[in-house]
Amino acid sequence: MAAGSVAGGLAAPSEALACTAAYQAQSQLWRQLSGAEVEYMHQEMLSANSWAARKKLDSTGLRGEFAWADSFVMLEQLYEATSTQVLACWVHGGRYWNVQLSSVSSEQLHQWLVILLGIVEDAAAESMWRIFQRFGGPSPGLLTTLRCGACAPQVCSRRQARAQVLTQFFAQLLLEAGGLRQRPSGQGPVLEGPPPTPPWTRLLRASEVSHWSHLSLDFVLAGINACGTTSIHRNLAQHPDIRFTGDDEDSFFTKHFILPLESTVREFNQKHAKSGPSPKILGLYDANIFEGPFAGHQLARIPGLKMIVVVCDPVSRLEKLFFEKLYCKSRADVDDRELVVVNTTTKPEARPCSRSISVVLDMPEFLEKISFGHHLYRLVQMFQERLIVMHQSFLRESPAPAYDLLSTALGVGPFPRGMRFHRYNSLKGHRTDLCRRPRGGSGGSGGNRSLIRTLQKRLMGDYEVVEALVAAAAMPVPEDVQLRLTRCDRPAELGELDTGCSAKGQCGGDSSSSNQGGA
């Protein structure tokens, strides 16, 4: 055997011993720097629009905005606690791991406890019962999947950390759940030294954890959907110093991780690395980020990242969403079509489509789902001066100045002279009966005034937040905002239904002097 082969064969055991020694030398410290939640899996909080979650929070005595303010604070505390623990792990020369243990059977657990306790079957049975009381899964005889963050010495590779450190860490968690720990005499079994290696090491998965601050991203276009985000995305992409992660919406921030995995950050940064001096900044477009309970917390932890949010008339947006999700577009729809109204964590509610938008007055769950005021309030708290708010009517009436304001706020200066700004994903014409004067009704244009006023009252919270944000943005307050005008007050938007550019396509004939926006 060559000398090089001998050295290679000795390297692995030597490195493994170094990992074990480093952990045992400060085992208490590493355990104190472990235990944070990296992957958030509480189903009732996966959607901030969950009707079931709202009812569950209400049952605690918290109502309305107070309930969601409480859940926002809870998530903020969770993100802060996890970030603090990971940073402390790094400061002390460690690497942080997201660890998952799944499919541990009662037979494996019993075998390990018997080895651990000798022939004390009663003690093993009692510990088994305690462990399953805490970690029993939905499948009989199997523990639930256990997820946890753990800090290990820097010298430990992933394989070494998994085999020698993280396995012992989970073993200790199970032992403590089973009532087995160092105790004064007379209070149960006493364990001396580290527990024996469990038989389920191969079931353990470990991935190194990074931080959102390591992600190379300059801004996000975060919504609001159905307010003109497609137009903003396509038009901003024309700027020579702006590029996006893709030609369409990017769902990168839909994952429910408190902190990202190191592999995820590395792949993202490599995929979108700059190849030259221009474009200067990178953006990501996802029109639904504004309403996600996780994405805002994740993005707020990227230093210097700015968030663009375009707002619009709440009733006009409601009509577009109703047309897309609930409106009967043909006689076949009336007879046969059923649509999912709300995606919840429980069984979705199905409704037949309707020919009148007035049905939403009896659909509080739908009105709640499309409401956006409380989401914007949360984003203001998290991003403050990094939040860029633009009203759709400004883009529609003065596209060139509006887009120059956006690009300047992003730090790249105005667009080149002569740039043409187009309209995308628009839906002109009478979408529903909202803008049609009811039979026997009075008052010329403006649609069903009585219904519009009622809907505006239902969405009053959204109107108040939009008006406050536009006023705080130090830009001209559009007439639409001052008078709370809807698309029914713009005759050019009505007439025969035109779906020519409704599927995120470019609307023909639009230029820098024409209208902008989506709703």
Side-chain angles (χ1 to χ4, degrees), residues 43-59 63-65 67-68 71 223-229 287-293 311-330 333-334 336-378 392 425 427 430-436 438 447-448 450-466 484 486-488 497 502 518-519:
Q43 292 297 318
E44 67 270 15
M45 285 301 300
L46 292 187
S47 172
N49 293 309
S50 168
W51 188 245
R54 170 63 66 89
K55 289 191 291 186
K56 181 173 181 178
L57 283 170
D58 285 350
S59 68
R63 293 292 187 269
E65 294 181 2
W68 288 114
S71 65
I224 294 172
N225 62 325
C227 278
T229 55
N288 297 297
I289 279 180
F290 76 96
E291 64 182 358
V311 295
C312 60
D313 174 65
V315 169
S316 301
R317 176 176 178 266
L318 162 65
E319 189 206 26
K320 183 174 183 180
L321 295 174
F322 176 82
F323 178 84
E324 292 175 347
K325 300 176 183 296
L326 295 171
Y327 186 68
C328 296
K329 301 176 181 65
S330 68
D333 290 334
V334 177
D336 304 324
R337 189 175 186 183
E338 286 192 350
L339 297 172
V340 173
V341 177
V342 180
N343 292 321
T344 67
T345 56
T346 58
K347 183 178 180 180
E349 178 182 356
R351 287 179 180 267
C353 61
S354 174
R355 296 287 289 180
S356 175
I357 194 174
S358 63
V359 299
V360 302
L361 297 176
D362 297 320
M363 298 167 58
E365 73 281 8
F366 180 73
L367 292 177
E368 179 186 19
K369 178 176 174 60
I370 68 164
S371 176
F372 57 80
H374 57 295
H375 297 306
L376 291 181
Y377 177 73
R378 173 173 53 86
Q392 182 194 41
N425 196 24
L427 192 61
H430 284 286
R431 304 165 179 169
T432 69
D433 57 334
L434 179 69
C435 297
R436 296 184 185 276
N448 189 335
S450 176
L451 177 58
I452 290 173
R453 284 194 296 269
T454 302
L455 290 173
Q456 286 177 329
K457 290 179 180 178
R458 294 288 186 92
L459 299 174
M460 184 59 66
D462 291 352
Y463 275 100
E464 291 175 346
V465 172
V466 167
R484 293 186 178 175
T486 70
R487 66 185 304 269
C488 301
L497 186 64
S502 61

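Residue numbers count from 1 along this sequence.
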Rounded to the nearest 0.5 Å, what separates atom [atom1] in [X] from atom [atom2] in [Y]?
X      : Y      : atom1 : atom2 : result
Arg453 : Arg458 : CZ    : CZ    : 15.0 Å
Thr432 : Leu326 : OG1   : CG    : 11.0 Å
His374 : Glu291 : NE2   : CD    : 8.5 Å
Gln456 : Leu451 : CD    : CG    : 10.0 Å
Ile357 : Arg355 : CD1   : CZ    : 13.0 Å
Ile370 : Lys320 : CD1   : NZ    : 13.0 Å

Looking at residues at least two apart in the chain, or sitting in another chain, which of them share a side-chain hydrogen bond (donor to acceptor under 3.5 Å, both in side chains) with [X]?
X      : result
Ser354 : none
Ser356 : Ser358, Asp433
Arg484 : Glu467
Tyr377 : none

**Report entry** Pairing residues for Phe290 by the ring pair (Phe, Tyr, Trp, His ring centres under 6.0 Å) criterion, not counting sequence neighbours
**Finding:** His375
Requested in this report: I would like to know whether Leu376 and Ile224 meet side-chain contact (heavy atoms from CB on, under 4.5 Å); could you show each step before the answer?
Outcome: CA-CA 9 Å; Leu376 291 181; Ile224 294 172; 3.9 Å; yes
Hey, is the main chain of [Y] close enough, under 3.5 Å, to the side chain of [X] for a donor-acceptor pair?
X      : Y      : answer
Ser371 : Leu367 : no
Asn448 : Leu434 : no
Arg317 : Val311 : no

Least distance between heavy atoms, [X] atom then [Y] atom:
X      : Y      : result
Cys312 : Gln392 : CB-OE1, 3.3 Å
Cys435 : Arg487 : SG-CG, 4.1 Å
Leu361 : Thr454 : CD2-CG2, 3.7 Å
Gly373 : Asp462 : N-OD1, 2.7 Å
Thr229 : Gly223 : CG2-C, 3.5 Å

Query raised in the report: Any side-chain heavy-atom pair from Val359 and Phe322 closer than 4.5 angstrom?
Result: yes
